[in-house]
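To start, the structure itself, in structure tokens.
Given the structure is predicted, the values throughout are model-derived calculations rather than measurements.
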Amino acid sequence: MQVVFAFLAVFLVSANAMEDKDVLELWTKFQEDFGKSYRSPLEARKRFAIFQDNLNFIEAHNQLFESGQSTFSMGINQFADWSRSEFSSYVNQGLVKERQTLRNGKVFVPSENFVEPDSVDWRNKGVVTPVKDQQACGACWAFSTTGSLEGQYALKTGELVSLSEQNLVDCSKNNYNVGCNGGFTTSAFEYVKIHGINSEEDYPYENSEGKCRADDQKTITKIVDYVHIPVGNEKALVEAITTIGPVSVAVDASDDFGFYANGIFDGNCTTTELNHEILAVGFGSENGKQFYIVKNSWGNSWGEQGYIRLPRNSNNKCGVTTDSSFPII
């Protein structure tokens, strides 16, 4: 129902003008579909005012989309009653700002003989788990980590197992992983290399951080090492996705990214201010425009049932080729 409403809302808020009753109906539907409740009438009025501003923003953008001036549409989702500053704070907590000065792991070496296929989609090959939702916890790094681990484990064993983000949030804390306040996939890989990781079933997600409760007897897998894709090398990233499997990538998910509904994203973002880690599971093209298929961790009512298509061969849009990696099992 939530997915249907998200796409219905794209249509509704694309009209040239909206009546007050339409806005109120959307507001009521939004609260019902996303389980929204507010502490007081004052808070509800504040959220409604933000919701109206966001509707205007979405409407203005979708007029550009309908006239062919943008390649993606926007829609109502769980962020529709959040201010821009609130969304920015949420996204920016996902990656800690200090970077490791020493990059451990290996470096991916592209093949001279690689022939790029027209498309790849690992979702069709049984190595990608259903879309998950990090909720309020800034643990995108953990979801990106489990996504690439799940893919490699499935490819090696033939068994697709949902792995535990909570295990990583609670246990892989160090100078670069700080639970719900951010982290990095590579730091999480370092943890899994030594300690392994439990399944989602044995260590379910809690949308908060707590004491480490990992059970060594229930470890699903460890890793041998991990591999970095050369910075900015789009051909190397495409080859890795094709020959290795799903790859963890970091992007700038600020601003326009939040209300993405469908299409190939061409909104505002930088190539260097990375703040969100996600999972590239394939690539393809549409009407001559190339794109990556990327799994997000904001639930399946966001975007294209939890996915976004980011431009490929488009000057490293949103920094998608700036910091990418995968594990070796």
For this session: Report yes or no: does N177 contribute a side-chain atom to a donor-acceptor pair with the main-chain N or O of F184 at less than 3.5 Å?
Result: yes
Problem set entry | Ring centers of Y292, F283 separated by less than 6.0 Å | no
Exercise. Do F265 and F72 pass the ring pair (Phe, Tyr, Trp, His ring centres under 6.0 Å) test, and can you show the C-alpha distance, the side-chain angles, and the key distance before you say yes or no?
Worked result: CA-CA 5 Å; F265 183 78; F72 79 103; 4.8 Å; yes
For this session: Using only heavy-atom distances, determine whether the side chains of S144 and T185 contain a donor-acceptor pair under 3.5 Å.
Result: no
Problem set entry | Straight-line distance of T321 OG1 to L237 CG, nearest 0.5 Å | 7.0 Å
Problem set entry | Pair T322-N316, side-chain donor/acceptor within less than 3.5 Å | yes
Exercise. Checking side-chain hydrogen bond (donor to acceptor under 3.5 Å, both in side chains) for the pair S89/N92: CA distance, chi angles, key distance, verdict?
Worked result: CA-CA 5 Å; S89 295; N92 284 317; over 6 Å; no
Problem set entry | S285 side chain to G288 backbone, donor-acceptor under 3.5 Å | no
For this session: State plainly whether the residues E234 and R312 are in salt-bridge range, i.e. N to O under 4.0 Å.
Result: no
Problem set entry | Donor-acceptor pair, side chain of N275 and main chain of A253, under 3.5 angstrom | yes
Exercise. Are F51 and F30 close enough that their ring centers fall under 6.0 Å?
Worked result: yes
Exercise. Can you tell if the side chain of T242 reaches within under 4.5 Å of the side chain of P117, non-hydrogen atoms only?
Worked result: yes
Problem set entry | Evaluation steps, side-chain hydrogen bond (donor to acceptor under 3.5 Å, both in side chains), between N113 and S111 | CA-CA 5 Å; N113 301 320; S111 169; 4.6 Å; no
Exercise. Any luck finding a side-chain donor-acceptor pair between E150 and T129 under 3.5 Å?
Worked result: yes
Problem set entry | H195 versus D216, side-chain donor and acceptor atoms under 3.5 Å | no
Exercise. Just checking, is any N or O donor in the side chain of N62 or S73 under 3.5 Å from an acceptor N or O on the other one?
Worked result: no
For this session: Walk me through it: do S301 and N77 pass the test side-chain hydrogen bond (donor to acceptor under 3.5 Å, both in side chains)?
Result: CA-CA 7 Å; S301 61; N77 56 35; over 6 Å; no
Problem set entry | Verdict with reasoning, V224 to K193, per side-chain contact (heavy atoms from CB on, under 4.5 Å) | CA-CA 6 Å; V224 175; K193 186 176 180 180; over 6 Å; no
Problem set entry | Audit row: K295, E277, salt bridge (charged side-chain N to carboxylate O under 4.0 Å, His left out) steps and yes/no | CA-CA 10 Å; K295 181 185 180 184; E277 291 196 289; over 6 Å; no
For this session: Could I get the full list of side-chain contact (heavy atoms from CB on, under 4.5 Å) partners for E286, not counting sequence neighbours?
Result: I264, F291, R309
Exercise. Would you find more than 12 non-hydrogen atoms of other residues, nucleotides or ligands less than 6.0 Å from Q69 atom CD?
Worked result: yes
Exercise. Will you find, in the side chains of D170 and Y203, an N or O donor that is under 3.5 Å from an N or O acceptor?
Worked result: yes
Exercise. Would you say the side-chain atoms of Y38 and D81 include a donor-acceptor pair closer than 3.5 Å?
Worked result: yes
Problem set entry | Interatomic spacing from OG in S172 to CG in N167 - rounded to 0.5 Å | 8.0 Å
For this session: For D252 and T270, indicate whether the former's side chain and the latter's backbone hold a donor-acceptor pair under 3.5 Å.
Result: yes
Problem set entry | V127 vs Y153 side-chain heavy atoms within contact, under 4.5 Å | no
For this session: Verify whether one side chain among N198 and S164 offers a donor that lies under 3.5 Å from an acceptor in the other.
Result: no
Exercise. Is any side-chain heavy atom of V128 closer than 4.5 Å to a side-chain heavy atom of D121?
Worked result: no
For this session: Taking the side chain as every heavy atom from C-beta outward, state whether D323 and V249 have any atom pair closer than 4.5 Å.
Result: no
Exercise. Would you say the side-chain atoms of Q134 and S297 include a donor-acceptor pair closer than 3.5 Å?
Worked result: yes
Exercise. Any side-chain heavy-atom pair from E201 and S162 closer than 4.5 angstrom?
Worked result: no
For this session: Tell me, with the steps shown, if V131 and N296 meet side-chain contact (heavy atoms from CB on, under 4.5 Å).
Result: CA-CA 7 Å; V131 170; N296 201 355; over 6 Å; no
Problem set entry | Polar side-chain atom of D266 near backbone of T71 as donor-acceptor pair, under 3.5 Å | yes
Exercise. Is the count of non-hydrogen atoms from other residues, nucleotides or ligands lying under 6.0 Å from K289 atom NZ greater than 12?
Worked result: no
Exercise. Going by heavy atoms in the side chains, are Y191 and T145 under 4.5 Å from each other?
Worked result: no
For this session: With side-chain contact (heavy atoms from CB on, under 4.5 Å) as the test, would you mind laying out the steps for I328 and I223 before giving the verdict?
Result: CA-CA 6 Å; I328 302 173; I223 68 172; 5.9 Å; no
Exercise. What class does the angle between the rings of Y90 and W298 fall in, given that below 30° is parallel, 30 to 60° is tilted and above 60° is perpendicular?
Worked result: tilted
For this session: Tell me, with the steps shown, if Q290 and N313 meet side-chain hydrogen bond (donor to acceptor under 3.5 Å, both in side chains).
Result: CA-CA 7 Å; Q290 296 178 315; N313 293 323; 2.6 Å; yes
Exercise. Is there a side-chain contact (heavy atoms from CB on, under 4.5 Å) between L55 and W27 once you walk through the steps?
Worked result: CA-CA 10 Å; L55 281 184; W27 171 241; over 6 Å; no
For this session: Please test E25 against K21 for salt bridge (charged side-chain N to carboxylate O under 4.0 Å, His left out), starting from the C-alpha separation and ending with a verdict.
Result: CA-CA 6 Å; E25 287 176 0; K21 64 180 181 63; 5.1 Å; no
Exercise. What class does the angle between the rings of F108 and F326 fall in, given that below 30° is parallel, 30 to 60° is tilted and above 60° is perpendicular?
Worked result: perpendicular
Problem set entry | Pairwise distance OG(S88) to CG(D255) - rounded to 0.5 angstrom | 9.0 Å
Exercise. Can you list the residues that meet the side chain to side chain donor-acceptor pair (under 3.5 Å) rule with E206, with sequence neighbours excluded?
Worked result: R213
Exercise. Does the ring center of W302 lie less than 6.0 Å from the ring center of F257?
Worked result: yes
For this session: Show which residues join Y205 in its hydrophobic cluster (side-chain heavy-atom contacts under 4.5 Å, direct or indirect), or state none.
Result: F143
Exercise. Which heavy-atom pair separates A236 from P230 by the least distance, and what is that distance?
Worked result: CB-CD, 4.0 Å
Exercise. Heavy-atom distance under 4.5 Å between the side chains of E200 and E165, does that happen here?
Worked result: yes
Exercise. Does any donor atom in the side chain of N262 or E304 lie under 3.5 Å from an acceptor atom in the other side chain?
Worked result: no
Exercise. Got a donor-acceptor contact below 3.5 angstrom from the K218 side chain to the I197 backbone?
Worked result: no
Exercise. Ring pair (Phe, Tyr, Trp, His ring centres under 6.0 Å) between W122 and Y307: does it pass, once the steps are laid out?
Worked result: CA-CA 13 Å; W122 286 104; Y307 286 82; over 10 Å; no
For this session: Classify the side-chain pair K317/T271 by whether it contains a donor and acceptor separated by less than 3.5 Å.
Result: no
Exercise. To the nearest 0.5 Å, what is the distance between CD (Q63) and OG (S70)?
Worked result: 12.5 Å
Problem set entry | SB check E116 K235 (cutoff 4.0 Å) | no
